[in-house]
Protein chains: 2
Amino acid sequence: MTRVLVVDDDPAIVRALVINLRARQYEVDSAEDGAGALREAAARHPDVIVLDLGLPDMDGVDVIRRLREWSRVPVLVLSARHASGEKVQALDAGADDYVTKPFGMDELLARLRAAVRRAEPADGGDVVVETEAFTVDLAAKKVHRDGRDVRLTPTEWHLLEALVRAGGRLVGQRQLLREVWGPSYGTETNYLRVYMAQLRRKLEADPSRPRHLITEPGMGYRFEK
Amino acid sequence: MTRVLVVDDDPAIVRALVINLRARQYEVDSAEDGAGALREAAARHPDVIVLDLGLPDMDGVDVIRRLREWSRVPVLVLSARHASGEKVQALDAGADDYVTKPFGMDELLARLRAAVRRAEPADGGDVVVETEAFTVDLAAKKVHRDGRDVRLTPTEWHLLEALVRAGGRLVGQRQLLREVWGPSYGTETNYLRVYMAQLRRKLEADPSRPRHLITEPGMGYRFEK
DNA sequence: TCCGACCTTGACGCAACCCTGACGCGCCCG
DNA sequence: CGGGCGCGTCAGGGTTGCGTCAAGGTCGGA
């Protein structure tokens with residue numbers, strides 16, 4: 001879940017933002033001055049900060065500078081000032097975006113999404129699923145087992161991916177066939193048998209008694225951690 | 001030097017931007033429609049794009065979408081529309097910032113600096129990637145091996161860069177082709193074969209048995225440390 | 001104008017992959 | 001008790017994809 005830190009000395013704005021963000025499944029913290037902002041940022045490691053420039057205790061631009069000494073978290077500045085000098089200062093201090101009050105909530109949210117999206121893959125947004133026998137990295141398209149990489153053919157990988165992405169739920173054979181071989185393949189269940197066998201041979205400790213690539217007779221297959 | 005691509009159908013705006021940017025030591029290309037923008041982006045690999053939404057040949061939002069199919073270059077949108085719906089659309093399509101006309105030149109430049117600053121070191125984290133056989137310096141665009149520089153042609157370098165930036169993840173052949181040769185080259189997989197062979201000949205200890213530039217048959221290629 | 005570096009393009013051999021059919025086994029139901 | 005069904009296994013053959021080589025083309029510099 002994405003964590004947002006909202007910094008503003010006007011409780012009405014904080015409240016409005018918190019409500020809107022929480023409604024969209026963000027996790028939200030807040031602060032009402034610069035010192036609090038820096039403290040919260042260090043303690044909670046937010047994924048993005050919405051920062052009002054007009055704070056009671058210190059200059060907003062200084063807050064950005066202090067923050068940038070140790071963090072690259074995206075900062076979206078909120079300000080009543082329309083003067084371009086202010087904007088330039090804030091942006092050059094390290095802010096990522098600058099929105100003037102009064103602002104449209106949907107625009108702000110869109111800019112927030114943009115800021116978060118940008119930062120995401122830099123951290124290493126790998127989706128990794130682990131079992132006691134092997135490890136599947138969906139982003140890198142890599143399978144690890146006993147400390148070494150397992151080579152999968154394209155079809156084997158597609159099949160494994162379809163199962164793993166289902167997240168433990170049962171996947172019907174028809175759906176599996178369509179996902180891997182295309183929409184016109186609905187009945188060739190022998191394909192599934194062959195490739196499931198190959199996957200088990202490559203991934204399971206005891207291929208004849210699979211613990212992770214499970215057959216549900218008459219229905220489909222399931223991936224289990 | 002930072003390379004900027006300016007896209008606008010109004011010659012006056014293009015001229016103003018080009019002059020201002022060149023004066024600040026940017027390298028500037030320009031295009032006057034969506035097709036030209038995509039072509040230039042593929043050919044010149046700019047570090048940031050300034051894109052007017054009101055283009056004569058296609059919707060600006062579509063330009064962003066098409067661009068995002070193969071590139072993560074920062075896009076700064078320029079538009080006469082103030083409506084928040086437009087902004088949300090553009091930002092969610094993959095734009096990084098949105099400035100409404102008429103715009104202040106110093107503000108635009110500040111936003112441009114912010115976009116470039118963000119993108120630069122955020123890409124892969126490490127600027128220098130080492131393997132036991134060779135070293136790649138992404139910032140200096142240099143490859144070292146056995147204590148001496150390896151001469152790479154521009155295309156060889158683009159290809160190597162695309163692979164190294166992926167950081168061990170598999171890169172599909174289509175994506176690779178688009179990143180290196182441009183969006184219209186989706187099927188010429190023979191290019192990949194030829195240039196991968198050249199890279200391996202220059203970089204791998206045993207080119208016939210590559211340890212770092214790996215082929216995943218039917219899927220793509222992978223750089224491994 | 002010539003030369004070299006680089007990019008494109010086609011052809012060819014080989015290995016790997018995908019499909020396919022056959023067979024055996026266990027389970028359920030008649 | 002026997003037949004049918006679904007699943008796992010195996011091996012062979014057609015096809016695809018990859019690596020390699022070489023020739024032609026383009027562009028810029030000497």
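Chain A is the first sequence line, chain B the second, and so forth, proteins listed ahead of strands; every chain is numbered from 1.
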Indicate, with a heavy-atom threshold strictly under 4.0 Å, whether [X] touches base, sugar-phosphate, or nothing.
X        : value
A:Arg151 : sugar-phosphate
A:Tyr185 : nothing
B:Arg200 : sugar-phosphate
B:Glu216 : nothing

Where each residue is assigned the nucleotide of DNA chain C containing its nearest heavy atom, which of B:Leu152 and A:Asn190 is assigned the position nearer the 5′ end?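 Its nearest nucleotide lies further toward 5', so the answer is B:Leu152.
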In whole Å, I'd like the distance from the [atom1] atom of [X] to the [atom2] atom of [N].
X        : N      : atom1 : atom2 : result
A:His158 : C:dC17 : NE2   : C1'   : 14 Å
A:Arg193 : C:dC23 : CZ    : C1'   : 12 Å
B:Tyr195 : C:dC6  : OH    : P     : 9 Å
B:Asp206 : D:dG19 : CG    : C1'   : 14 Å
B:Ile214 : D:dC18 : CD1   : C1'   : 15 Å
B:Glu188 : C:dT8  : CD    : C1'   : 10 Å
B:Leu177 : D:dC18 : CG    : C1'   : 14 Å
A:Leu159 : C:dC17 : CG    : C1'   : 15 Å

Considering just the side-chain nitrogens and oxygens of [X], establish if one lies under 4.0 Å of OP1 or OP2 belonging to [N].
X        : N      : value
A:Thr155 : C:dC17 : no
B:Gln173 : D:dC18 : yes
A:Ser208 : D:dG8  : no
A:Trp181 : C:dC19 : yes
A:Tyr191 : C:dC19 : no
B:Tyr221 : D:dG19 : yes
A:Thr189 : D:dG6  : no
A:Thr153 : C:dC17 : no

Salt bridge check, [Y] against [X]: does any charged N sit closer than 4.0 Å to a carboxylate O?
X        : Y        : value
B:Glu156 : B:Lys202 : yes
A:Arg65  : A:Glu69  : no
B:Asp96  : B:Arg68  : yes

Of A:Leu152, A:Val180, A:Leu138, the residue whose pairing with A:Glu161 passes side-chain contact (heavy atoms from CB on, under 4.5 Å):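 Answer after filtering A:Leu152, A:Val180, A:Leu138: A:Leu138.
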Only one of B:Leu53, B:Thr100, B:Asp97, B:Asp8 forms a side-chain contact (heavy atoms from CB on, under 4.5 Å) with B:Leu78, so which one is it?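 For B:Leu78, the side-chain contact (heavy atoms from CB on, under 4.5 Å) test succeeds with only one of B:Leu53, B:Thr100, B:Asp97, B:Asp8, which is B:Asp8.
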Should the pair A:Trp181 and A:Tyr191 be assigned to parallel (<30°), tilted (30 to 60°) or perpendicular (>60°) ring geometry?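 Correct class here is tilted.
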